[in-house]
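What follows is one structure encoded as structure tokens, with my remarks underneath.
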Number of protein chains: 2
Amino acid sequence: MSPSNPSQIRKTPRQRRSAETVEAILTAAAHILEKEGFDAATTNHVAVKAGVSIGSLYQYFPNKESLVRALNDRHTREILELLRKRFVEVRKAPMEDSVKAIVRAMVEVHRVNPALHRVLVNIVPSIGGLAETRVVEDSATNLLSQFLKARAAELRPLNPDLSAFMLVHAVEALTHAAVLEHPELLKGDVFVNEASLMILGYLRGSAEASKHPPPRAAKK
Amino acid sequence: MSPSNPSQIRKTPRQRRSAETVEAILTAAAHILEKEGFDAATTNHVAVKAGVSIGSLYQYFPNKESLVRALNDRHTREILELLRKRFVEVRKAPMEDSVKAIVRAMVEVHRVNPALHRVLVNIVPSIGGLAETRVVEDSATNLLSQFLKARAAELRPLNPDLSAFMLVHAVEALTHAAVLEHPELLKGDVFVNEASLMILGYLRGSAEASKHPPPRAAKK
DNA sequence: GGCAGATGTGAGTAAAAGCTCACATTCTTT
DNA sequence: AAAGAATGTGAGCTTTTACTCACATCTGCC
């Protein structure tokens, strides 16, 4: 397969008809993963739900894993695009507004299809997609690290890579938990405010004890 | 069987011999889950590795799920016990020391068997263990919420349940990420310090924000 | 020793799921 | 229109795996 095809699509569709077939397969797979979970997403089931034959599915996806990875690739690409966009947009906004905008973006992204997202996050590493997941995490960490460097003057002394690592994982987990366990927090700005308090508290130092020396750990 | 047996053990061992069999099965299952993943943990494979026959396995575990759930129960019970212990220990320690001790406990707990822990966290919800997982999360949240109430005087005004929810999820995710992706941060106190900065920053309020209040209302 | 209950055995069964392949249909091109 | 390429089909093959059951062996007790 071509090296520029991380999800290992077997055949590149040449006619509109086949492009629609691929789309139907991916959509059906997403629906099943979301509503019934990974175990229910058998290749036969996906094919039936997509309204195509099992043979067609295997024309485009060499195996079940590649199908799930294709979905994951699309999903993570969307997330990264939105994040990049937001980081550019807030480049000159006040610190607090920037942080809130980015948290909002995270929520926005995770609310599109939380169940699917969770399934993908859980399953992808075990089907050879660990590398892809790391790429996404690293990209997000880099975006945030750049942001922290640009805003250093407004923050306590810190190691941008380390802080970005901490925040990426904390915010990702918080967003997951909020979307899946306490969606009511997302109605108003409760969640965005709390997450921002945490982020800003971490980046600025706490009110009473803000006399910590900068950490000396170098990442990577 | 007995209602106090959430992992649904089929038969209660009456002789030492059978207790050893059960132990061997659980140990083998843990090893396989840890080293080879969930898919490799077939019942036959577990039985062979445990040095018992497949029939013996099914004498004590009615199905594969119950076996994994039994492992998970044991694992989460250990975690909760340690956390409870630590929360009691730090009841009268200074805020900063308390927070660090609790973060250390989290790291300690997750370092015992990070790979197994990750597998269990990923798999248990999909095999009927979601309730158990929620129980653990809720217990941890309650412990922390109590702690926050007791220390209210040292903290900014906050909602203990909400803050506990935020912190439980953030710290859990951070510990996972550190253990699995950057174990070098655990060598010294780098990780413990960073996590504590985040926690204390969140609980005390950020340095600048408390000097000059935000231009807009914090709540919408 | 000898019995009864507890425990252990593993070949075999049945169901599920991934995947192939020989063939049918549709599209593009000349 | 015709041919060849692209696409679509689905019965069924193959492998895997959870799980059973008829039987063997062990252990404690009289």
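Numbered from 1 within each chain, the chains take letters A, B, ... in sequence-line order.
Backbone-only contact: A/Ser18 has heavy atoms under 4.0 Å from sugar-phosphate atoms and none from a base. Note on A/Thr42: only backbone sugar-phosphate atoms sit closer than 4.0 angstrom, heavy atoms only; bases stay farther off.
Figure legend: cation-pi geometry between B/Lys64 and B/Phe38, with NZ or CZ positioned under 6.0 Å from the six-membered ring centre and within 45° of its axis.
For A/Val99, the side-chain contact (heavy atoms from CB on, under 4.5 Å) criterion is met by A/Met95, A/Val103, A/Ser196, A/Ile199, A/Leu200, not counting sequence neighbours.
With the nearest nucleotide of DNA chain D identified for both A/Val52 and B/Glu65, A/Val52 has the one nearer the 5' end. When the nearest nucleotides of DNA chain D are assigned to A/Arg17 and B/Asn44 by heavy-atom distance, the more 5′-ward of the two goes with A/Arg17. Residues B/Leu57 and A/Gln15 each lie close to DNA chain C; by heavy-atom proximity, the contact nearer the 5' end of the strand is made by B/Leu57.
Taking atom CD of B/Glu23 as the reference point, atom P of C/dT7 lies 16 Å away to the nearest angstrom. Per the geometry, NZ belonging to B/Lys49 stands 21 Å off C1' belonging to C/dG10, to the nearest Å. Between the P atom of D/dT16 and the CZ atom of B/Phe38 lies a distance of 18 Å, rounded to the nearest Å. Taking atom CG of B/Leu67 as the reference point, atom C1' of D/dT17 lies 14 Å away to the nearest angstrom. As rounded to whole Å, 13 Å separates atom C1' of D/dT16 from atom NZ of A/Lys64. Whole-Å rounding puts the A/Asp39 CG to D/dA18 P distance at 11 Å. Atom CD1 of B/Ile54 is separated from atom C1' of C/dT13 by 14 Å (rounded to the nearest Å). Per the geometry, CZ belonging to B/Arg16 stands 14 Å off P belonging to C/dG8, to the nearest Å.
Contact between the side-chain N/O atoms of B/Thr21 and the OP1/OP2 oxygens of C/dT7 is not found at any separation under 4.0 Å. Taking side-chain N and O atoms only, B/Ser56 has a distance below 4.0 Å to OP1 or OP2 of C/dT9. Distances shorter than 4.0 Å separate none of the side-chain N or O atoms of A/Thr43 from OP1 or OP2 on C/dC19. A close approach under 4.0 Å does not occur between any side-chain nitrogen or oxygen of B/Tyr58 and OP1 or OP2 of D/dC21.
Among the nucleotides C/dG8, D/dC19, D/dT7, the one closest to the side chain of B/Gln59 is C/dG8.
For the residue pair A/Asn113 / A/Glu34, a side-chain donor-acceptor distance below 3.5 Å is found, with atom types taken as modelled. Side-chain contact check for A/His169 and B/His176: no donor-acceptor pair (N or O, by modelled atom type) lies under 3.5 Å.
For the pair A/Tyr202 and A/Leu162, the tightest heavy-atom approach, listed with the atom from each and the gap, is OH-O, 4.4 Å.
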